[in-house]
Amino acid sequence: MLKIYNTLSERKEEFVPLEKNKVKIYACGMTVYDKPHIGHARKEVAIDLIVRYFKYLGYETVYVRNFTDIDDKIIERANEREIDIKVLTEENIDAFYKATTALDLVEPDMEPKATEHIVEIVGMIEKLIRNGYAYEAGGSVYFSVKSFNSYGKLSRRNVDDMIAGTRFEVETEKNNPLDFALWKSSKPGEPQWESPWGMGRPGWHIECSAMATKYLGDTFDIHAGGRDLIFPHHENEIAQAEGATGKPFVKYWVHNGFLTVEGEKMSKSLGNFITVEDALKDYHPEVLRYFMLSTHYRTPIDFSIANLRETEKKLYYFYQTLKNLSFFALKANGEEVRNERAQSFINEFKEAMDDDFNSAKVVAAFYGIFKHLNDSLISKKTRPAPEECAGFISVIREAGEVLGVLQRDSVKVLEEIKDIQLQRYSINKDDVENLIYQRNEFRKAKDFEKADGVRDELKNLGISIQDTPDGTEWSFS
RNA sequence: GGCGCCUUGGCCAAGUGGUAAGGCAGAGGUCUGCAAAAUCUCCAUCUCCGGUUCGAAUCCGGAAGGCGCCUCCA
């Protein structure tokens, strides 16, 4: 039985879809004023895990992720760079797609853009005015927070308390400082669209309510996003959608925890702002994915060099083991048997995922099975039959598919990881192989002292070598 | 000031009332020309103080520390 932590109730709830075997998911996408950073990546990997698991469970999934391609920051940034807004947003959408491709994220079924849904947005605002939740003032339209009495239910805030804590804005068209803009009258030179209230553009929150209800209906199953969006973004989305439709908007609200960099919040001013593009220069995409999943999605995660290195080692170990396993599975001729240990692994996996998508527990289960495999593969006596080895591969791939890891050819991934490491440490591959060749020559000549000297040289580069029956292999230690 | 979260061994991290997963690092063993890799063994009573309970890391109250949101933020 799948349980999901619902921000609305602050507890884990059994997942019951609105329609049998079908799940409708909306995830707030990014506002494309800049390139995606690793915080975005965390959110995307988290929702990706969720979507993949629903598919794994056999649900028909409808997954919508938007692009917010019009807002203050975008206008500001475009002005700064003296480029057209469209140029800016398209550039960043491209960068986003590069990141999603590299991270092997499941493609959403729909990816609506705010600027392409002005009609729906205007329509929703009109409904809100008609329903008495919004008012026009000076060419802008505001949502009246006071008029919507369950305002604050998601973020557990009380409107009066909030007003008390607000510094009053001078000169405002708003009736109430907490009211938020649904439609903003445009200043000269800003992008603008026609509306019943004059030329203008949508406020920040309305596009999600309009697009989500358009594609998923008035009420749908899951709405996801980063923790920081709970207030005001999601709170406002609820007010807008429910104010317009009169129906409950979302059944389960899912929010991922934040990512820090070396223990600090990522921000431009601290200079620790890491784009996905940059992270991919130093780490294999699968390492990044696996890293994100090694902590439960609601728990804060720290993007630190130490943690990333550790993850890299783990993944390397897994693929190394998978490589050995594949060798022993060759004789199975396509036959596979899932023995008790393999089956228990799958059970562990499902149990962990059913528990609010606890990928951290899955990671532990992976450890257990890989350790078991390394242990048993080592000697003929304990080695599973080829068909069982094939069965192990199959369960690992099955669980790995949901996490989006361990799907690719072991040899290839091991090489890719090494290449990235070589690049990271600015070490030339040929130099390494030359040294290994030299060492083996010394070994053949039984000149172990010189051979060990070469090994020390390699060690200084951070490389360790393994003499195996098939020759000498090397890896970063 | 308001709302919420977190605090588990040197480090990362599970744990959601039944007697502390896993990993990294460290110590020792097996293997090895020596190593490495792999593997085995060892390594915590859960920030503190009260309470509820036969029994709590897990529930309640309080203290200390850290953090997030309340303005843009995944």
Next item on the list: Could you state the atom-to-atom distance from CG of A:Leu259 to P of B:A74 in whole Å?
Entry: 13 Å

Notebook entry, point to check: Between the base of B:C11 and the side chain of A:Asp302, is there a donor-acceptor distance below 3.5 Å?
Noted result: no

Check: Roughly how far apart, to the nearest Å, are B:G4 and B:A57 at atom P?
Finding: 26 Å

Checklist line | Pairing nucleotide - B:C24, Watson-Crick or G-U, each distance under 3.5 Å | finding: B:G10

Margin query: Using a 4.0 Å heavy-atom cut-off, does A:Arg439 contact any base of the nucleic acid, only the sugar-phosphate backbone, or nothing at all?
Written below: base

Note to self: Any strand counts, and the cut-off is 3.5 Å on both contacts for Watson-Crick or G-U wobble. Which nucleotide pairs with B:C46?
What the structure shows: none

Item checked: Backbone of A:His296 reached by a side-chain donor or acceptor of A:Lys361 within 3.5 Å -> no

Note to self: Could you identify the nucleotide paired to B:G1, looking across every strand shown and requiring Watson-Crick or G-U wobble geometry with both distances under 3.5 Å?
What the structure shows: B:C70

Notebook entry, point to check: Below 4.5 Å, heavy atoms only, C-beta onward: do A:Phe328 and A:Pro386 meet side chain to side chain?
Noted result: no

Check: With a 4.5 Å limit on heavy-atom distance, are the side chains of A:Phe318 and A:Tyr367 in contact?
Finding: yes

Notebook entry, point to check: Side-chain donor-acceptor pair under 3.5 Å between A:Thr115 and A:Asp69, yes or no?
Noted result: yes

Notebook entry, point to check: Can you find an N or O donor on one side and an acceptor on the other, under 3.5 Å apart, linking the side chain of A:Asp452 with the base of B:G33?
Noted result: yes

Note to self: For a quick check of understanding: with a heavy-atom distance under 4.0 Å over all strands, which category does A:Arg455 fall into, base, sugar-phosphate or nothing?
What the structure shows: base

Check: What one-letter contact string describes nucleotides 22-27 of chain B from 5' to 3', where B marks a base within less than 4.0 Å of any protein heavy atom, S marks contact via sugar-phosphate atoms alone, and - marks no contact?
Finding: SBSS--

Notebook entry, point to check: For A:Gly39, which contact category applies under a 4.0 Å heavy-atom criterion: base, sugar-phosphate, or nothing?
Noted result: base

Note to self: So if I take every side-chain heavy atom of A:Lys73 and compare against B:A14, B:C72, B:U39, which nucleotide ends up nearest?
What the structure shows: B:C72

Note to self: Under 3.5 Å for both donor-acceptor distances, Watson-Crick or wobble: does B:G17 have a partner, and if so which one?
What the structure shows: none

Margin query: Tell me whether A:Lys184 forms a cation-pi arrangement with A:Trp204, defined as NZ or CZ under 6.0 Å from the six-membered ring centre and within 45 degrees of its axis.
Written below: no

Notebook entry, point to check: In terms of the nearest nucleotide of RNA chain B, which residue is placed more toward the 5' end: A:Gly257 or A:Lys12?
Noted result: A:Lys12

Notebook entry, point to check: Mind checking who B:U30 pairs with, Watson-Crick or G-U wobble, both distances under 3.5 Å?
Noted result: B:A38

Next item on the list: Tell whether A:Arg443 reaches the base of B:G33 with its side chain through a donor-acceptor pair below 3.5 angstrom.
Entry: yes

Next item on the list: Could you measure between the two C1' atoms, the one in B:G22 and the one in B:A56, and give it in whole Å?
Entry: 23 Å

